[in-house]
Amino acid sequence: MASIAAVQEKLKCIKPNAKNAGEKYCEVLDQILRECKVVQDLKDGIDALLNAVVDTEGLWVVSARSVLSRFTEQIGQIDRGVVKEVCQVVLKKIQQRTASFEEHATQIRLVLAKIYEEEHQWIESATILREIPLDSGHRVYGADFKMEIYLKIARLYLEEKDHVSAEAYIKRASLLLHEITNKDLTVVYKVCTARLADFHHHFSRAARQYIQLSYELSIHPEEQLTSLKCAMNCTILSQAGDLQRSKQLATLYKDERCQHLPAFKILEKMYLERIIRVSELEDFAAQLPVHHKAITADGSTILDLAVMEHNMLSASRLYNNISFEELGRLLGIPPLKAEKVAARMIAEKRMVGSIDQIDRVIYLKKRETLLSWDRRIQGVCYQVNSIVDKINSVHPEWANSALESQMSH
């Protein structure tokens with residue numbers, strides 16, 4: 001075992017201005033990492049070496065950088081129990097000359113952040129990455145590297161359920177979308193934005209992004225399946241009567257992959273607009289993450305409210321009019337609560353109807369939720385036909401030749 005006194009003596013024998021000074025210091029570093037097994041001895045040895053390398057005025061910066069480069073290469077050989085402390089010692093020492101050793105400090109922080117992440121210390125890992133001077137340092141970092149760091153920080157905060165901090169870094173990453181060349185980062189960005197929308201309870205938006213990710217060929221099949229499960233959860237929890245939700249229910253119901261997943265029975269009933277009983281929700285509710293079990297202002301869970309609104313919409317398909325009491329019994333809630341839910345859905349134009357509070361009756365009208373979508377498609381078709389007609393009137397010969405060419409194929 002190398003003693004600290006022996007290390008210091010060996011360091012004194014090295015001439016800082018010698019051509020092979022960097023090589024000699026690297027040999028001392030190797031000896032410290034190889035022979036110092038006690039934590040304090042290792043820290044003291046590294047500290048003594050850095051005092052000689054960083055603080056010595058006569059030592060060339062190139063030699064000092066070679067020592068730090070050797071250290072970053074050898075980090076993997078340091079015992080896992082002490083590597084974090086050793087890295088912190090190195091970072092603290094080279095902080096005095098950040099301009100000269102910024103690249104090495106960045107590499108050490110990346111290694112240190114990865115160690116914290118593997119130990120599920122999300123905040124510590126994010127804090128280390130935040131210390132990388134991406135915008136204010138002396139080095140110019142590329143858009144890909146900056147976006148990778150921003151997204152990694154965002155994902156770490158999402159793991160910690162700190163969606164406020166995560167959103168700040170997702171916004172920073174969004175500014176770089178048009179500059180990056182690595183398209184895999186775009187997929188990571190989509191994952192982060194989907195999870196953020198999910199945490200904010202913007203379920204329809206989150207479901208749309210999760211569905212897109214479930215078809216993304218560049219990600220692992222297991223991650224595709226996870227995205228699909230999240231899409232089903234968010235679609236089920238989204239507001240009933242919303243056009244986007246109706247489209248998502250149709251997409252997921254027709255997706256063969258969904259038919260083997262636990263949430264499919266609930267999703268099927270929602271797509272077919274059938275009444276869902278509370279007893280049918282136990283298995284589905286058990287697999288929901290914590291943020292999906294939040295309590296709303298009226299004391300209901302998010303799932304209770306989503307099913308309540310779905311059942312209300314299903315009832316509007318069965319009844320032309322229904323009393324508050326009967327609706328309450330049908331939904332399994334007090335009549336007053338049934339009235340409030342119906343009033344809110346009618347006011348938000350998610351359900352067509354009117355309320356007679358004197359007679360305590362709700363009058364309901366059937367509405368095709370996909371009708372407006374069909375009309376939009378019809379409008380686009382009319383516009384395309386109009387464009388074709390204008391082309392025919394201005395360039396009839398070209399239009400006829402193009403049509404003949406298509407007919408021949």
Side-chain angles (χ1 to χ4, degrees), residues 68-69 72-73 75 87 91 94-95 98-99 101-200 202 205-228 230-231 234 291:
L68 291 172
S69 295
T72 56
E73 294 171 1
I75 289 178
C87 286
L91 288 173
I94 64 178
Q95 189 175 4
T98 305
F101 308 118
E102 186 175 322
E103 180 181 356
H104 303 88
T106 298
Q107 293 301 320
I108 293 170
R109 287 191 174 101
L110 290 174
V111 173
L112 192 55
K114 185 178 180 181
I115 293 171
Y116 278 120
E117 182 180 359
E118 290 172 351
E119 295 177 354
H120 294 181
Q121 298 184 51
W122 316 119
I123 294 297
E124 289 78 2
S125 181
T127 302
I128 292 294
L129 291 175
R130 286 177 57 182
E131 293 173 357
I132 299 175
L134 296 175
D135 297 311
S136 58
H138 294 80
R139 290 190 66 202
V140 178
Y141 294 95
D144 284 13
F145 180 78
K146 289 166 71 172
M147 187 163 185
E148 182 181 357
I149 297 301
Y150 287 148
L151 292 177
K152 189 171 288 186
I153 294 172
R155 295 184 76 174
L156 290 167
Y157 278 126
L158 287 172
E159 292 293 341
E160 190 63 26
K161 308 297 186 292
D162 184 356
H163 55 268
V164 176
S165 299
E167 185 173 12
Y169 282 91
I170 290 173
K171 286 181 177 178
R172 292 190 188 186
S174 67
L175 301 176
L176 300 170
L177 278 172
H178 65 287
E179 299 180 27
I180 60 173
T181 56
N182 184 358
K183 297 307 177 184
D184 289 340
L185 292 175
T186 305
V187 177
V188 178
Y189 175 78
K190 289 180 181 178
V191 172
C192 290
T193 53
R195 291 186 63 186
L196 185 63
D198 192 348
F199 275 120
H200 280 312
H202 299 156
R205 187 194 311 166
R208 183 180 70 252
Q209 294 171 327
Y210 280 133
I211 290 172
Q212 292 174 356
L213 288 168
S214 73
Y215 292 108
E216 184 63 55
L217 298 177
S218 62
I219 65 177
H220 194 275
E222 289 185 6
E223 294 180 354
Q224 290 180 343
L225 188 60
T226 300
S227 296
L228 191 64
C230 292
C234 289
H291 68 280

Contact summary for [X] and [Y], nearest pair of heavy atoms:
X    : Y    : result
L91  : A105 : CD2-O, 3.8 Å
I132 : L110 : CD1-CD2, 4.0 Å
C234 : A206 : SG-CB, 4.0 Å
A173 : L151 : CB-CD2, 3.7 Å
C192 : A154 : SG-CB, 4.5 Å
Y210 : S227 : CB-O, 3.4 Å

Starting from the C-alpha separation in whole Å, work towards a yes-or-no answer on side chain to side chain contact (heavy atoms under 4.5 Å, CB included) for R205 and T193.
-> CA-CA 9 Å; R205 187 194 311 166; T193 53; over 6 Å; no
Validation row: H200, L196 side chains within 4.5 angstrom (heavy atoms) =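 Sidechains of L196 and H200: in contact.
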With the side chain counted from C-beta on, respond yes when M147 and V188 share a heavy-atom pair under 4.5 Å apart, and no when they do not.
->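 The answer is no, as the side chains (C-beta and beyond) never meet within the 4.5 Å cut-off.
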According to salt bridge (charged side-chain N to carboxylate O under 4.0 Å, His left out), who are the partners of [X], at least two apart in sequence or on a separate chain?
X    : result
K152 : none
E222 : none
R109 : E131

First locate atom [atom1] of [X], then atom [atom2] of [Y], and finally report the distance between them rounded to the nearest 0.5 Å.
X    : Y    : atom1 : atom2 : answer
L213 : R208 : CG    : CZ    : 11.5 Å
L156 : R130 : CG    : CZ    : 11.5 Å
K146 : R172 : NZ    : CZ    : 10.0 Å
L185 : F145 : CG    : CZ    : 11.5 Å

Consider only side-chain N and O atoms of T127 and Y116, and report whether a donor and an acceptor are under 3.5 Å apart.
->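 Per modelled atom types, T127 and Y116 side chains form no pair under 3.5 Å.
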I153 and side chain to side chain contact (heavy atoms under 4.5 Å, CB included): which partner among I128, L129, L158?
->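 Result: among I128, L129, L158, L129 is the only option passing the side chain to side chain contact (heavy atoms under 4.5 Å, CB included) with I153.
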With sequence neighbours excluded, tell me which residues meet side-chain hydrogen bond (donor to acceptor under 3.5 Å, both in side chains) with S218.
->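 Applying side-chain hydrogen bond (donor to acceptor under 3.5 Å, both in side chains) to S218 gives E216.
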For E148, what residues pass the side-chain hydrogen bond (donor to acceptor under 3.5 Å, both in side chains) criterion, not counting sequence neighbours?
->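 In terms of side-chain hydrogen bond (donor to acceptor under 3.5 Å, both in side chains), with neighbours along the sequence ignored, E148 is linked to no residue.
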Just grab all the side chain to side chain donor-acceptor pair (under 3.5 Å) pairs involving residues 179-192, residues at least two apart or on different chains.
->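 For residues 179-192: D144-T181.
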Could you tell me how the ring of Y169 sits relative to the ring of Y150: parallel (under 30°), tilted (30 to 60°) or perpendicular (over 60°)?
->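 Judged by the thresholds at 30° and 60°, the geometry between Y169 and Y150 is tilted.
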Step-by-step side chain to side chain contact (heavy atoms under 4.5 Å, CB included) determination, H163 to Y157 = CA-CA 6 Å; H163 55 268; Y157 278 126; over 6 Å; no
T72 side chain vs S69 backbone, donor-acceptor pair below 3.5 Å |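 A pair under 3.5 Å: yes.
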Does the pair T106 and Y141 meet the rule for a side chain to side chain contact (heavy atoms under 4.5 Å, CB included), with working shown?
-> CA-CA 11 Å; T106 298; Y141 294 95; 2.9 Å; yes
